[in-house]
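Bear in mind that the values here come from a model prediction, so they are computed numbers and not experimental data.
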Amino acid sequence: MEKIKMTTPLVEMDGDEMTRILWKMIKDELLLPFVDLKTEYYDLGLACRNETDDQVTIDSANATKKYGVAVKCATITPNAARMSEYDLKEMWKSPNGTIRAILDGTVFRTPIKVKGIEPCVKNWEMPITIARHAYGDVYKNVEIKVPGAGKAELVFTGEDGTQIRETVFDFEGPGIIQGQHNVNASIESFARSCFTYALDCKQELWFATKDTISKQYDHSFKDIFQEIFDKEYKEKFDAAGITYFYTLIDDAVARVMKSKGGFIWACKNYDGDVMSDMISSAFGSLAMMTSVLVSPEGYYEYEAAHGTVQRHYYKHLNGEETSTNSVATIFAWTGALRKRGEMDGLTELTAFADHLEKACIDTIESGKMTKDLALITELEHPTVLNSEGFIKEIRKALEQIYR
């Protein structure tokens, strides 16, 4: 077949460890034979981030603003062990965090549903997407260990010197204090990203906090969402035939468990962290979870929801066979290619993304899969394939579609 043309590049962000190995396999076997692939390449491997003082991460995010669509491989966020392993200049920040901050984006994670790998919650017929606010709360907290009796106060000092002061607690003995913050601008971006993505997917949007207890902090989230929805999005939602509603987080959890799925659930930062892991585990695996960062300006960055699969990488380096699931990484590519095709009006490119996803699902549903899926599938006698073998089987299924 003649290769499918692209007119505008994608931003390609390479990564680390086993996912970097899979990245090359996916390009060689599933993309380059079919697509005249145009990308602006950035190496976000830890060695290159260290060499460039992490400037490469900043450059890749700014390139995403230029081109509108990016695809990212999983990357290492270094800890003390990585400092010595990679001889790092410093403990570089999470690339995902840096990119989110520059793009002012919200992370949307959705399970990839296939027959034979059924959700633990039996009435979930359709995937549930988690929209996680990626700023503030416990992730930007300030903590104090209280040594003994004393008064803890929350104090805000304005630029003009005026103060707002509240007593947190009168301690009679040792304890702990935690201070959290958020900013209206970030909450507003979160809301707009959620409403935009819901319109994009034509799915119902839920939002949940605990405003009955947190009458200032959580209530501000609720009020900002409602104000933006009423002013900017209500008519669009009505025209699209979808709804937005707010409920308490505990009520949302109860509703989710009894639902059939097929909606977007927006959560504050910590709630989204916890609930995305719950949803991915209940649907099967983090390796079967898509993830896309969406900014209010309409920038999209697609990636796998999981990490770099370090244990398999060390086996690979030792010459041992691995059976690493590449589905989420493949779907990162298909998501980016589909969005690029939609933006550029390239129907062949959007169709290719659909076909490649179908080839992945057909391969698994035919009983050919990696070891992690074979351990949880309800299909009888699955064929366990190694990392490369699984990708090659997907290529066979893709070639059948194009034959």
With K236 as the cation and Y233 as the aromatic partner, state whether NZ or CZ is under 6.0 Å from the six-membered ring centre and within 45° of the axis.
yes
Ignoring hydrogens and angles, state whether a donor on the side chain of T8 or D344 is under 3.5 Å from an acceptor on the partner side chain.
yes
At what distance, to the nearest 0.5 angstrom, does CG of N386 lie from OG of S323?
7.0 Å
Just so I know, are the side chains of V253 and L248 near enough to count as touching, which here means a heavy-atom distance under 4.5 Å?
no
So, E204 and W206: side-chain donor and acceptor under 3.5 Å apart, yes or no?
yes
Please say whether more than 12 non-hydrogen atoms of neighbouring residues, nucleotides or ligands are located less than 6.0 Å from NZ in K122.
yes
Quick one about S220 and D223 (side-chain donor to acceptor, distance below 3.5 Å, no hydrogens or angles considered), yes or no?
no
When rounded to the nearest 0.5 angstrom, what is the spacing between CG in L337 and CE in M6?
6.0 Å
Do Y197 and T106 come close enough that some side-chain heavy atom pair is under 4.5 Å?
no
Carboxylate-amine/guanidinium contact R132 D271, below 4.0 Å
no
Heavy-atom donor-acceptor pair, K234 side chain to K231 backbone, under 3.5 Å:
no
Less than 3.5 Å apart, any donor N or O on the side chain of Y42 or E40 sitting next to an acceptor on the other?
yes
Hey, are N141 and Q180 close enough side-chain-wise for a donor-acceptor pair under 3.5 Å?
no
Pair D14, K72 - check salt bridge (charged side-chain N to carboxylate O under 4.0 Å, His left out), show working.
CA-CA 6 Å; D14 211 342; K72 179 181 173 294; over 6 Å; no
SB check E393 K368 (cutoff 4.0 Å):
yes
Would you please name every residue forming a side-chain contact (heavy atoms from CB on, under 4.5 Å) with K222, sequence neighbours left out?
D211, H219, Y246
Nearest 0.5 angstrom please: Y67 OH to L10 CG, how far?
11.0 Å
Counting neighbours of NZ on K3 that are heavy atoms of other residues, nucleotides or ligands and sit closer than 6.0 Å, is the number greater than 12?
yes
Aromatic ring proximity Y302/W333, centre distance under 6.0 Å:
no
Just checking, is any N or O donor in the side chain of H316 or T322 under 3.5 Å from an acceptor N or O on the other one?
no
Relative to Y300, does K339 satisfy both conditions: NZ or CZ under 6.0 angstrom from the six-membered ring centre, and within 45 degrees of the ring's axis?
yes
Residue pair M288 / I364, side-chain heavy-atom distance below 4.5 Å:
yes
I'd like to check the salt bridge (charged side-chain N to carboxylate O under 4.0 Å, His left out) partners of D354; sequence neighbours left out, ordered by chain and number.
R338
Hey, is K89 close enough to D54 for a salt bridge, meaning N to O under 4.0 Å?
no
Nearest 0.5 Å please: distance from the CD1 atom of I102 over to the OG atom of S295.
12.0 Å
Sequence neighbours excluded, which residues qualify as side-chain contact (heavy atoms from CB on, under 4.5 Å) partners of Q163?
V155, T157, R165
Under a plain distance cut-off of 3.5 Å, with no hydrogens placed, do N182 and K140 share a side-chain donor-acceptor pair?
no
Is it true that R49 and D16 make a salt bridge, defined as a side-chain N closer than 4.0 Å to a carboxylate O?
yes
Side chain S276, main chain G272, donor-acceptor under 3.5 Å:
yes
Result block: side-chain N/O donor-acceptor pairs under 3.5 angstrom for residues 110-118, not counting sequence neighbours:
unit_1, atom_1, unit_2, atom_2, d
T110, OG1, T129, OG1, 2.6
E118, OE2, G116, N, 3.0

Just by distance, with hydrogens left out, do D59 and Q55 show a side-chain donor and acceptor under 3.5 Å apart?
yes
The complete set of ring pair (Phe, Tyr, Trp, His ring centres under 6.0 Å) pairs with one or both residues in residues 131-156, sequence neighbours excluded, reads H133-F190, H133-F221, Y135-H181
E143 atom CD: more than 12 heavy-atom contacts under 6.0 Å
yes
Note: T247 and A252 closest approach over all heavy atoms is CG2-CB, 3.7 Å
Keeping the roles fixed (side chain from S326, backbone from T329), state whether a donor-acceptor pair exists under 3.5 Å.
no
Any salt bridge between E399 and K396, counting N to O under 4.0 Å?
no
Rounded distance (nearest 0.5 Å) linking atom CD1 of I213 with atom NZ of K215
6.5 Å
Within 6.0 Å of CD in Q178, more than 12 heavy atoms from elsewhere:
yes
Do Y244 and F207 have ring centres separated by under 6.0 Å?
no
Flag if over 12 foreign heavy atoms under 6.0 Å of CD, E348
no
Looking only at side-chain N and O atoms, does D372 offer a donor or acceptor that is under 3.5 Å from a partner on T370?
yes
Is any side-chain heavy atom of C360 closer than 4.5 Å to a side-chain heavy atom of F331?
yes
More than 12 heavy atoms of other residues, nucleotides or ligands under 6.0 Å from CD of Q216: yes or no?
no
For E153 and T167, which I'm curious about, is there any donor-acceptor pair between the side chains at under 3.5 Å?
no
Test log, rule side chain to side chain contact (heavy atoms under 4.5 Å, CB included), inputs F34 and F352
CA-CA 8 Å; F34 301 90; F352 172 79; 3.4 Å; yes
Show me the pairs that pass side-chain hydrogen bond (donor to acceptor under 3.5 Å, both in side chains) and involve residues 25-35, at least two apart or across chains.
E12-K27, K24-D28, E29-R395
Using only atom types and a distance under 3.5 Å, with no angle test, would you say the side chain of N269 pairs donor to acceptor with the backbone of G136?
yes
Is the backbone N or O of E320 less than 3.5 Å from a side-chain atom of N318, with the two atoms forming a donor-acceptor pair by type?
no
If only atom types and distance count, is the side chain of T363 paired as donor or acceptor with the main-chain N or O of A359 below 3.5 Å?
yes
Is there a donor-acceptor contact under 3.5 Å linking the side chains of Y299 and D104?
no
